[in-house]
J.: 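Okay, handing you the structure first.
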Amino acid sequence: MLFDVIIIGGGPAGLTAGIYTSRARLKSLLIERAFPGGQVMTTEWIENYPGFDEGISGVELSQKMERQAKKFGLEIIQGSVARLSLYDKIKKIELDEGQIYESKTLIVATGANPMHLKVEGEDRYRGRGVSYCATCDGAFFKDKKIAVIGGGNSALQEAIFLTKFAEMVYIVHRRGEFRATKILQERAFANPHIKVIWNSVAEKIEGEDTVNTLFLRNVKTKESTRLEVQGVFIYVGYNPNTEFLKGLVYLNEENYIVTDEKMSASLPGVFAAGDARVKFLKQIATAVGDGAMAAMAAEKYIEENF
Ligand code: NAP
């Protein structure tokens with residue numbers, strides 16, 4: 001079956017692209033490997049997405065976007081992309097289970113996955129105290145002590161969320177200043193259940209069945225300390241999900257997809273939107289903008305080439 005547009009990835013960028021292409025009456029298919037929503041699904045509360053003045057939960061926002069896209073006829077299937085053939089005018093997308101879908105255009109909106117710290121004990125205790133998702137795992141840490149590693153928006157936002165459960169949340173940051181936006185910093189500093197440990201890096205995570213100790217090193221004094229915690233939440237940035245595009249379209253040195261301002265990647269008929277592409281600001285608001293732009297650029301491409 002030939003589609004006008006195939007979208008890979010069901011976060012805000014992909015779902016928005018789907019809303020726009022479906023409303024433009026283009027035959028559209030969205031392939032999502034897990035469940036629609038992407039990173040937003042693992043964000044407890046969103047308060048900087050316009051239109052929701054009281055804020056909205058990540059799950060609810062994702063479900064609303066999905067319902068809106070389906071209402072206009074977007075077909076959504078679950079599957080993982082194994083291979084792409086993009087050089088011909090008709091693109092072929094092969095899934096892990098062998099199904100092959102054909103399309104006139106492709107929009108890649110695969111987002112990014114949390115980076116690992118790569119310290120001893122991280123893999124061993126993953127799911128047994130080490131986590132990358134406060135929304136998913138926070139409730140297991142009621143009245144416990146937790147370390148959050150990182151100094152960006154994710155680290156601070158999730159540390160504040162974790163104080164709903166934990167007795168104490170230590171934010172461990174490698175520098176003496178946060179990267180996160182000022183309003184999150186103000187909230188973190190004002191929260192009696194948050195203590196910041198500056199200029200420190202994690203060296204090792206230890207425990208028995210589950211985590212009980214985080215070993216830290218102060219990068220200035222070189223002093224090593226142990227922190228007794230039952231949980232370690234890691235928020236040190238994201239890696240784009242672009243592995244399957246290597247050698248096909250132009251990626252930058254960090255593997256983000258390079259596009260022009262119309263979201264065109266380096267091959268005709270291939271577009272990218274959201275966190276997987278090179279961009280200045282990774283936000284739901286900008287992902288949504290990318291999705292709309294990619295959809296309209298795909299429509300124009302089809303008009304001119306088919
Ligand atoms: P980020 O902004 O890249 O921040 C990563 C943090 O981890 C930085 O503080 C960095 O330290 C630290 N870090 C990186 N590698 C490390 C390592 N090996 N060891 C220790 N610390 C390390 O990532 P993010 O916070 O996940 O955010 C990703 C994007 O999503 C950003 O564009 C962010 O603005 C956006 N976002 C927005 C919101 C919101 O608007 N509410 C919420 C979440 C995320 P340095 O500062 O020293 O580099």
J.: In terms of hydrophobic clusters joined by side-chain contacts under 4.5 Å, are Met168 and Val130 together?
T.: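 Same cluster.
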
J.: Going hydrophobic residue to hydrophobic residue with side-chain gaps under 4.5 angstrom, can you get from Tyr101 over to Leu86?
T.: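 Yes; Leu86 is reachable from Tyr101 via cluster members.
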
J.: Are the side chains of Leu267 and Tyr87 in contact, using a 4.5 Å heavy-atom criterion?
T.: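 Yes. Closest side-chain heavy atoms under 4.5 Å.
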
J.: Ignoring hydrogens and angles, tell me if any N or O in the side chain of Asn191 forms a donor-acceptor pair with the backbone of His193 under 3.5 Å.
T.: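 Flag set: sc Asn191 to bb His193 pair under 3.5 Å.
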
J.: Side-chain contact test, heavy atoms from C-beta onward, threshold under 4.5 Å: evaluate it for Thr21 versus Ile7 and give yes or no.
T.: yes

J.: Should the ring pair Phe233 and Tyr235 be called parallel, tilted or perpendicular, given that the plane angle runs from 0 to 90° and is split at 30 and 60?
T.: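 Correct class here is parallel.
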
J.: Following the transitive rule for hydrophobic clusters with a side-chain heavy-atom cut-off under 4.5 Å over Ile, Leu, Val, Met, Phe, Trp and Tyr, establish whether Phe141 and Ile171 coincide in one cluster.
T.: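 Yes, because Phe141 and Ile171 connect within a single hydrophobic cluster, where side-chain heavy atoms sit under 4.5 Å apart.
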
J.: Has Glu167 got a side-chain atom pairing as donor or acceptor with Lys144's backbone, closer than 3.5 angstrom?
T.: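 No: the side chain of Glu167 does not pair with the backbone of Lys144.
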
J.: Are any of the side-chain heavy atoms of Leu2 and Lys104 separated by less than 4.5 Å?
T.: yes

J.: Give the ring-plane orientation class for Tyr301 versus Phe306, where under 30° counts as parallel, over 60° as perpendicular and anything between as tilted.
T.: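 Judged by the thresholds at 30° and 60°, the geometry between Tyr301 and Phe306 is perpendicular.
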
J.: Could you tell me whether a side-chain N or O of Asp275 sits under 3.5 Å from a main-chain N or O of Gly111, the two making a donor and an acceptor?
T.: no

J.: Counting only N and O atoms by type, is there a donor-acceptor contact under 3.5 Å from the side chain of Thr16 to the main-chain atoms of Gly14?
T.: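 Absent.
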
J.: On a heavy-atom basis, which atom in Ser28 and which in Ser22 lie closest, and how many Å separate them?
T.: OG-N, 3.9 Å

J.: Please determine whether the number of non-hydrogen atoms from other residues, nucleotides or ligands lying under 6.0 Å from atom CD of Glu208 exceeds 12.
T.: no

J.: Shortest non-hydrogen contact from Ile76 to Glu66?
T.: CD1-CG, 3.9 Å

J.: Shortest non-hydrogen contact from Glu32 to Gly10?
T.: OE1-N, 2.6 Å

J.: Do Gln157 and Trp45 have side chains that approach each other closer than 4.5 Å (heavy atoms only, starting at C-beta)?
T.: no

J.: Evaluate whether atom NZ of Lys279 has more than 12 neighbouring non-hydrogen atoms of other residues, nucleotides or ligands under 6.0 angstrom away.
T.: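 Yes - once you tally the heavy atoms of other residues, nucleotides and ligands closer than 6.0 Å, there are more than 12.
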
J.: Could you tell me whether Lys118 atom NZ has more than 12 heavy atoms of other residues or ligands within 6.0 Å of it?
T.: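 Atom NZ in Lys118 is not packed in, count stays at 12 or less.
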
J.: Is any side-chain N of the basic residue among Lys204 and Glu206 closer than 4.0 Å to the acidic one's carboxylate O?
T.: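 Salt bridge present between Lys204 and Glu206.
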
J.: Roughly how far apart are Ile56 CD1 and Tyr49 OH, rounded to 0.5 Å?
T.: 9.5 Å

J.: Within a strict 4.5 Å, meaning less than it, do heavy atoms of the Thr110 and Pro240 side chains meet?
T.: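 Thr110 does not reach Pro240 side chain to side chain.
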
J.: Any non-hydrogen side-chain atom of Met1 less than 4.5 Å from a side-chain atom of Lys27?
T.: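 In short, these two side chains touch, coming nearer than 4.5 Å.
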
J.: Flag yes if more than 12 heavy atoms outside Asp209 fall under 6.0 Å of its CG atom; otherwise flag no.
T.: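 Atom CG in Asp209 is not packed in, count stays at 12 or less.
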
J.: If only atom types and distance count, is the side chain of Arg128 paired as donor or acceptor with the main-chain N or O of Arg124 below 3.5 Å?
T.: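 Flag set: sc Arg128 to bb Arg124 pair under 3.5 Å.
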
J.: With the 4.5 Å side-chain cut-off for hydrophobic clustering, are Ile31 and Leu248 part of the same group?
T.: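 As far as the 4.5 Å side-chain criterion goes, Leu248 and Ile31 are connected within one cluster.
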
J.: I need the Met263 CE to Phe271 CZ distance, nearest 0.5 Å.
T.: 10.5 Å

J.: Give me the atom names and distance for the closest heavy-atom approach of Ala134 to Glu158.
T.: CB-OE1, 3.4 Å

J.: Within a reach of under 6.0 Å around OH of Tyr250, are more than 12 heavy atoms found that belong to other residues, nucleotides or ligands?
T.: no

J.: Evaluate the side-chain proximity of Ile77 to Leu95: yes if any heavy-atom separation is below 4.5 Å, no if none is.
T.: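 Yes, their side chains come closer than 4.5 Å.
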
J.: Tell me whether Ile8 is reachable from Val249 by hopping between hydrophobic residues (I, L, V, M, F, W, Y) whose side-chain heavy atoms are closer than 4.5 Å.
T.: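 Linked, Val249 and Ile8 end up in one cluster.
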
J.: Passes side-chain contact (heavy atoms from CB on, under 4.5 Å), Lys91 versus Ile6? Steps please.
T.: CA-CA 9 Å; Lys91 322 289 176 207; Ile6 287 184; over 6 Å; no

J.: Counting C-beta onward and ignoring hydrogens, is there a side-chain heavy-atom pair between Leu251 and Lys246 closer than 4.5 Å?
T.: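 Counting from C-beta outward, Leu251 and Lys246 do come under 4.5 Å.
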
J.: Is it the case that atom CD in Gln99 sees more than 12 heavy atoms from other parts of the structure closer than 6.0 Å?
T.: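 Atom CD in Gln99 is crowded, with more than 12 foreign heavy atoms closer than 6.0 Å.
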
J.: Ile194 and side-chain contact (heavy atoms from CB on, under 4.5 Å): which single residue from Thr163, Leu156, Leu162, Val148 fits?
T.: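 Only match with Ile194 under side-chain contact (heavy atoms from CB on, under 4.5 Å): Thr163.
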
J.: Above 12 or not: heavy atoms from other molecules or residues under 6.0 Å from CD of Glu228?
T.: no

J.: Quick one: do Lys282 and Tyr256 satisfy side-chain contact (heavy atoms from CB on, under 4.5 Å)? Show the steps, please.
T.: CA-CA 12 Å; Lys282 297 187 184 85; Tyr256 287 89; 3.6 Å; yes

J.: Is there a donor in the side chain of Asn199 and an acceptor in the side chain of Asn218, or the other way round, less than 3.5 Å apart?
T.: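 Per modelled atom types, Asn199 and Asn218 side chains form no pair under 3.5 Å.
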
